[in-house]
2 protein chains.
Amino acid sequence: MYIEHIVKAMTSNPLLKSAAVEKSSHLEYFNIAVSVDCVIFGYEDKELKVLLIQSDLEEFSGLYSLLGDLVKPDEDLDAASYRVLKDRTGLDDVFLQQVHTFGSVNRHPSGRVVSTAYYSLVDINSHKLNIDSNDLHWHAVKGIKKLAFDHKQIIETCVKMLREQIMEHPIVHNLLPEKFSLRALQELYEAILGTPLDRRNFRKKIALKSWLVELDELEEDVTHRPGKLHKFKTKAVKSSVSKKDKNFFLTMCT
Amino acid sequence: MYIEHIVKAMTSNPLLKSAAVEKSSHLEYFNIAVSVDCVIFGYEDKELKVLLIQSDLEEFSGLYSLLGDLVKPDEDLDAASYRVLKDRTGLDDVFLQQVHTFGSVNRHPSGRVVSTAYYSLVDINSHKLNIDSNDLHWHAVKGIKKLAFDHKQIIETCVKMLREQIMEHPIVHNLLPEKFSLRALQELYEAILGTPLDRRNFRKKIALKSWLVELDELEEDVTHRPGKLHKFKTKAVKSSVSKKDKNFFLTMCT
DNA sequence: TATATTTGTGTATTGAGTACACATTAAAGA
DNA sequence: TCTTTAATGTGTACTCAATACACAAATATA
């Protein structure tokens, strides 16, 4: 993994070592690397998945880690996360949301790295998706046990954020094909929330959002009564990408 | 301001400059400084205030900025924010909440600094509060115009977060004296939310939270009918400090 | 044509959010 | 001490969202 190579290279760099030892110099304050980690969620087989890569750090041999990289000196923090996403998946028309910054001293075994976590939702079956390495794999979030670094905690934090946001914004639109049944949408919500939902109440709630349009088409290849297909309104999807104002708290007493 | 001195010192450091120029070296990735900025809120004269310091950067002469500092190589990110708070105010028993990390390339004129913002609520009139410098002043949030760096945006982001959280958690407890009237509490909420509230509905809503105990004492020194005094339950206050689980989103259909 | 499986729909209940008005209390001043 | 002033303290009606829950209609398959 790129970031790990670099860190290894740096911590063995005599210039840096001497700088770190030279306590009276203010240079020591630059001896912290800044990185981004992307929690890229997908959805397959009725499970929420996350894209992980085999760690190539000795300390974490056999473990997986998130996709991340050091931020370049002339690169905005947000831009770094888009670059990682683009480089790793070929996707660049997806929203990325900053979640939290992790900065424990010992979170990285090879040196001090402060990392900002972003999450994103991508279509595992998109034709645009282009996984660039055999080391990359989709893992069911539920089945994740031990990961490199503090990446398990990062994923947990992002899942929490994701759960908070899916009822407010139609961000899940690219976890499904363009046309989908309400059942498929409900299964997706259940997978993300990790809890079963009542069908009638779920439909009522979704209808209230007016995110969807009902099509004049039916599911095919199902062994039972087919459901009507739906798709997201382009308007709703756009607003989910740009809308950052969470003023749902303004449900205050007036 | 400490952070600004250091950054000035570093960007004039020939060692660093050569490292930044040496593009083939991975050392360049350490040429990003990591800092924290604390948005320390207070409450006085029925206004939400924030603690600012006069900037000593030439570029920002005459402007105020937030309290911040570079993170030390052996210091957790969260610990750095507590250190800044403690050094600047003498307070160390206050919660600090991470809000967002700001990482635009050009946000700092003297060099690349990625900064994580935290917010905190402190009692302006606490006897423990010990403002260590004459350059430090409380400013009404509403009246803030131009600040150094992107600090105005940082404050806006933190105010947004604060507004979201005050109805979920009793975090405002140290913006008021131990004993206070419901009117005083309401004025505080109005100041934070920037909107008037209905008295009866506010009381109903607060009562529902069971954060308060009603005392057998009345306000004094008021020129009208005195209200009953209240205080926060210690239990409620403790949970506001530790509680990080925002599962209010679990109001999902079951 | 019977069976299995899923779709599609509605109502009753509860609780929160909101709008809104009047009697009570204490202090201050005439 | 009586009147004025300015705030406290309280309850009801309406709307809307959240929830629990059941049955008829549609399709595929055997």
Side-chain angles (χ1 to χ4, degrees), chain A residues 46 163-170 176 179-191 193 195-231 246-254, chain B residues 46 163-164 166-170 176 179-191 193-231 246-254:
Chain A
K46 304 189 182 175
R163 286 178 175 168
E164 287 175 31
Q165 305 208 289
I166 53 173
M167 284 320 289
E168 311 299 328
H169 306 294
L176 290 174
K179 301 173 183 180
F180 51 87
S181 66
L182 289 179
R183 142 173 282 278
L185 183 65
Q186 180 178 339
E187 283 168 348
L188 170 57
Y189 271 84
E190 289 174 334
L193 294 170
T195 177
L197 303 175
D198 177 82
R199 188 155 46 101
R200 280 171 293 187
N201 293 338
F202 175 77
R203 285 166 184 239
K204 210 189 304 177
K205 208 158 174 174
I206 288 293
L208 226 47
K209 309 279 179 199
S210 346
W211 293 339
L212 305 181
V213 279
E214 186 178 286
L215 304 174
D216 268 337
E217 295 174 67
L218 296 179
E219 278 182 296
E220 282 172 17
D221 301 322
V222 284
T223 169
H224 52 75
R225 173 177 176 182
K228 280 191 184 154
L229 291 177
H230 295 248
K231 65 175 188 183
K246 304 191 285 179
N247 21 358
F248 52 88
F249 57 88
L250 275 182
T251 21
M252 280 294 298
C253 11
T254 49
Chain B
K46 303 188 182 174
R163 286 178 176 170
E164 287 175 31
I166 53 173
M167 284 320 287
E168 312 299 330
H169 306 292
L176 290 174
K179 301 173 182 180
F180 52 87
S181 65
L182 289 178
R183 142 171 281 276
L185 183 64
Q186 180 177 340
E187 283 168 347
L188 169 57
Y189 272 83
E190 289 174 333
L193 294 170
T195 177
L197 303 175
D198 177 82
R199 188 156 44 101
R200 279 172 290 187
N201 294 336
F202 176 77
R203 285 165 185 240
K204 210 190 306 177
K205 208 158 174 174
I206 288 294
L208 226 46
K209 309 280 179 198
S210 345
W211 293 340
L212 306 182
V213 278
E214 185 178 287
L215 304 174
D216 268 336
E217 295 174 66
L218 296 178
E219 280 183 296
E220 283 172 16
D221 302 321
V222 284
T223 168
H224 52 77
R225 173 177 176 182
K228 281 193 182 151
L229 291 178
H230 295 249
K231 66 174 185 182
K246 304 191 284 179
N247 20 358
F248 53 88
F249 56 88
L250 276 185
T251 18
M252 281 292 300
C253 11
T254 47

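Computed from a prediction, not measured in an experiment: that's the story for all the values here. Order of the sequence lines sets the chain letters (A, B, ...), proteins ahead of strands, with each chain counted from 1.
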Interatomic spacing from CD in A/Glu190 to CG in A/Leu197 - rounded to 0.5 Å: 4.5 Å

Pairwise side-chain contact, B/Leu212 with B/Ile206, heavy-atom cut-off 4.5 Å (strictly under): yes

Steps toward side chain to side chain contact (heavy atoms under 4.5 Å, CB included) verdict (B/Lys204, B/Arg200): CA-CA 6 Å; B/Lys204 210 190 306 177; B/Arg200 279 172 290 187; 5.8 Å; no

Pairwise side-chain contact, A/Lys205 with A/Leu208, heavy-atom cut-off 4.5 Å (strictly under): no

Protein-nucleotide distance (A/Leu197, atom CG; D/dA20, atom P), rounded to Å: 11 Å

Tabulate atom names and distances for all N/O pairs under 3.5 angstrom spanning the protein and nucleotides 12-17 of chain D.
residue: D/dT12; atom: O4; partner: B/Lys204; partner atom: NZ; Å: 3.2

Qualifying residues under salt bridge (Lys or Arg N to Asp or Glu O under 4.0 Å), relative to B/Lys46, sequence neighbours excluded: B/Glu187

Side chain to side chain, B/Leu185 and B/His230, heavy atoms closer than 4.5 Å: no

Rounded distance (Å) that lies between atom P of C/dA16 and atom CZ of B/Phe202: 17 Å

Closest approach of A/Ile166 to A/Tyr189 (non-hydrogen atoms, all atoms of both residues): O-OH, 2.9 Å

Separation of C/dT25 C1' from B/Glu220 CD (nearest whole Å): 16 Å

Electrostatic pair B/Glu217:B/Lys179 at N-O distance under 4.0 angstrom: yes

B/Leu218 CG to D/dT8 P, straight-line distance once rounded to whole Å: 12 Å

Whole angstrom value for the distance that separates P of D/dG9 from CG of B/Asp198: 15 Å

Short side-chain N/O contact to C/dG8 OP1/OP2 from A/Arg203, under 4.0 Å: yes

Closest nucleotide among D/dT27, C/dT9, D/dG11 to the B/Arg200 side chain: D/dG11

Distances under 3.5 Å only, N/O to N/O: pair up the protein atoms with those of nucleotides 27-30 of chain C.
none

Whole-Å distance separating the CG atom of A/Leu229 from the P atom of C/dT6: 17 Å

Atom-to-atom span, CZ of A/Phe180 to P of C/dT7 - whole angstrom: 14 Å

Length of the line joining A/Arg183:CZ and C/dT5:P, which is rounded to integer Å: 12 Å

Separation of A/Phe202 CZ from A/Leu182 CG (nearest 0.5 Å): 7.5 Å

